[in-house]
Every structure is written in structure tokens, then in C-alpha cells.
S.K.: 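This is the structure I have questions about; it appears just below.
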Amino acid sequence: MSAWGISNFENDTALDWVNEIIQEQEVTSLEESITSFVNDFSVEYTSLMDCSKFLTIAETLAALIGSPDEDFPEELKDWVESKYIKIEQSTIDNAKRGVKLIMTDSEAKEMYLDSGYFNSWEKAQRGLIKRLSK
């Protein structure tokens with residue numbers, strides 16, 4: 001996975017997911033993806049790509065509930081604005097739980113610890129949790 005910044009959209013995995021979701025035109029598996037990630041999360045087996053994809057999905061969820069990040073991609077913003085998707089509170093709670101799991105111990109956390117950008121990355125994830133809490 002190639003990453004060029006601390007934003008949850010500044011990596012190849014995120015942009016691949018954005019392109020995929022825009023082409024599909026619907027989100028039938030958003031809740032399932034979030035629940036599966038949280039239930040299956042393992043420090044040993046959950047990859048950096050898994051974490052990056054999850055954070056992108058969580059960012060999309062934040063946008064769907066009206067709290068997109070300032071760097072939310074325009075093409076995805078257009079897609080989100082054209083949807084009405086009922087989001088259950090349990091899905092939002094699981095998304096926050098997943099972000100916290102990644103922040104606690106994951107390949108994503110390790111990558112940013114080793115990069116020197118950890119504090120900025122951690123701040124971005126705390127911002128995501130806050131936006132999911134609105």
C-alpha cells in the first residue's frame with residue numbers, strides 16, 4: 001500500500017475503495033463491513049490494508065451522518081449527497097470501536113509510529129471518532 005499523508009484518504013487502498021463504491025452506486029455492505037472488521041479484528045492478522053479500508057469506510061459513514069472531513073473526496077461527496085441510507089446507532093458505535101482498535105494496536109498505528117507523523121495521524125483518528133459522535 002502506498003500512502004502519502006496522514007489523511008484516511010491519502011493512500012491507494014482508500015482511493016481504490018472510493019472508485020469501487022462510486023461504480024457500484026450503492027452501499028449494501030457498509031454495516032456488514034464495519035461489523036465484520038470489529039468482530040474479526042486481530043492485532044496479528046488484521047493488515048495495514050484492512051485498517052486503511054476500514055478507516056475509509058468509517059470516514060464515509062461520518063459523511064453519511066453529516067460530518068465529512070475537510071479533505072473528503074469531491075467525487076465521493078457527490079455520491080454521498082445522492083444517497084439516503086438509514087444508519088443504525090449500533091453501526092456508528094461499531095465504527096468508533098473499530099477506529100479505537102486501530103489506534104490502540106495495529107499495523108496502521110505501527111506505520112505512523114515509525115514515520116514520525118504519529119501525532120498528526122492520531123489527531124486525525126480522534127477527529128474521526130468525534131465526527132462519528134455528532
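Index from 1, following the sequence.
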S.K.: Please examine the side chains of Leu55 and Leu128, heavy atoms only from C-beta on, and report whether any two atoms are closer than 4.5 Å.
M.R.: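 SC-SC contact between Leu128 and Leu55 confirmed.
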
S.K.: Rounded at 0.5 Å granularity, tell me how far SG in Cys51 sits from CG in Asn11.
M.R.: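 Taking SG in Cys51 and CG in Asn11, the distance rounds to 11.0 Å.
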
S.K.: So, do Thr46 and Glu107 sit near enough that their side-chain heavy atoms are less than 4.5 Å apart?
M.R.: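 SC-SC contact between Thr46 and Glu107 ruled out.
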
S.K.: To the closest 0.5 Å, what do you measure between CG (Asp71) and CD (Glu10)?
M.R.: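 CD of Glu10 is found 6.0 Å from CG of Asp71.
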
S.K.: Taking atom OH as the centre, does Tyr117 end up with more than 12 heavy-atom neighbours from other residues, nucleotides or ligands that are less than 6.0 angstrom away?
M.R.: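 Incorrect, the count does not exceed 12.
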
S.K.: So Ile102 and Lys109, do their side chains get closer than 4.5 Å, heavy atoms only?
M.R.: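 Sidechains of Ile102 and Lys109: no contact.
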
S.K.: Got a second to check how far Ile65's CD1 is from Lys134's NZ, nearest 0.5 Å?
M.R.: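 Here the rounded value is 9.5 Å.
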
S.K.: Hey, does Phe54 have a side-chain heavy atom less than 4.5 Å from the side chain of Val99?
M.R.: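 In short, these two side chains touch, coming nearer than 4.5 Å.
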
S.K.: Kindly give the heavy-atom pair with the smallest separation between Ser67 and Arg131, and that separation in Å.
M.R.: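 Scanning both residues, the minimum pair turns out to be O-NH1, 3.0 Å.
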
S.K.: Hey, are the side chains of Ile57 and Ile34 touching, using non-hydrogen atoms and a 4.5 Å cut-off?
M.R.: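 In contact.
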
S.K.: When you check the side-chain N and O atoms of Asn8 and Gln125, is any donor under 3.5 Å from an acceptor?
M.R.: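 Yes, because at least one side-chain N or O of Asn8 sits under 3.5 Å from a partner of the opposite role on Gln125.
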
S.K.: Considering all heavy atoms of both residues, which atom of Leu132 and which atom of Ala58 are nearest to each other, and what is their separation?
M.R.: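 Residues Leu132 and Ala58, closest heavy atoms: CD2-O, 3.8 Å.
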
S.K.: I'd like to know whether NZ of Lys130 has more than 12 heavy-atom contacts from other residues, nucleotides or ligands below 6.0 angstrom.
M.R.: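 Counting neighbours around NZ of Lys130, 12 or fewer heavy atoms of other residues, nucleotides or ligands fall under 6.0 Å, so no.
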
S.K.: So which heavy atom on Asn94 is nearest to which on Val38, and how close?
M.R.: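 Between these two residues, the closest heavy atoms are O-CG2, 3.1 Å.
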
S.K.: Taking only residues two or more places apart in sequence, or in another chain, which ones meet Gln89 in a side-chain hydrogen bond (donor to acceptor under 3.5 Å, both in side chains)?
M.R.: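 Residues passing side-chain hydrogen bond (donor to acceptor under 3.5 Å, both in side chains) with Gln89: Asp93.
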
S.K.: Report the residues that fulfil side-chain hydrogen bond (donor to acceptor under 3.5 Å, both in side chains) with Ser47, sequence neighbours left out, ordered by chain and then residue number.
M.R.: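 Applying side-chain hydrogen bond (donor to acceptor under 3.5 Å, both in side chains) to Ser47 gives Asp50.
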
S.K.: Testing the basics here: between Pro73 and Val18, what is the closest heavy-atom pair and its distance to 0.1 Å?
M.R.: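 Looks like CG-CG2, 4.5 Å.
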
S.K.: Measuring from atom OG1 of Thr13 to atom CG of Leu48, what distance do you get when rounded to the nearest 0.5 angstrom?
M.R.: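 Spacing of OG1 (Thr13) from CG (Leu48) equals 7.0 Å.
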
S.K.: Between Thr91 (side chain only) and Ile87 (backbone N and O only), is there a donor and an acceptor less than 3.5 Å apart?
M.R.: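 Side chain of Thr91 to backbone of Ile87: no pair is present.
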
S.K.: Do Ser106 and Phe41 come close enough that some side-chain heavy atom pair is under 4.5 Å?
M.R.: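 Yes. Closest side-chain heavy atoms under 4.5 Å.
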
S.K.: Just how far is it from atom CE of Met103 to atom CD of Glu122, taken to the nearest 0.5 Å?
M.R.: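 Rounded to the nearest 0.5 Å, the CE-CD separation comes out at 4.5 Å.
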
S.K.: To the nearest 0.5 Å, how far apart are CD1 in Ile21 and OG1 in Thr56?
M.R.: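 Going from the CD1 atom of Ile21 to the OG1 atom of Thr56 covers 11.0 Å.
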
S.K.: Classify the ring geometry of Phe72 against Phe9: parallel below 30°, tilted from 30° to 60°, perpendicular beyond 60°.
M.R.: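 Perpendicular.
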
S.K.: After noting the C-alpha distance and the side-chain angles of Thr60 and Trp17, does the key distance pass the side-chain contact (heavy atoms from CB on, under 4.5 Å) rule?
M.R.: CA-CA 11 Å; Thr60 303; Trp17 187 85; 3.1 Å; yes

S.K.: Measuring only between side-chain heavy atoms, which start at C-beta, is Met49 closer than 4.5 Å to Lys53?
M.R.: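 No - every pair of side-chain heavy atoms lies 4.5 Å or more apart.
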
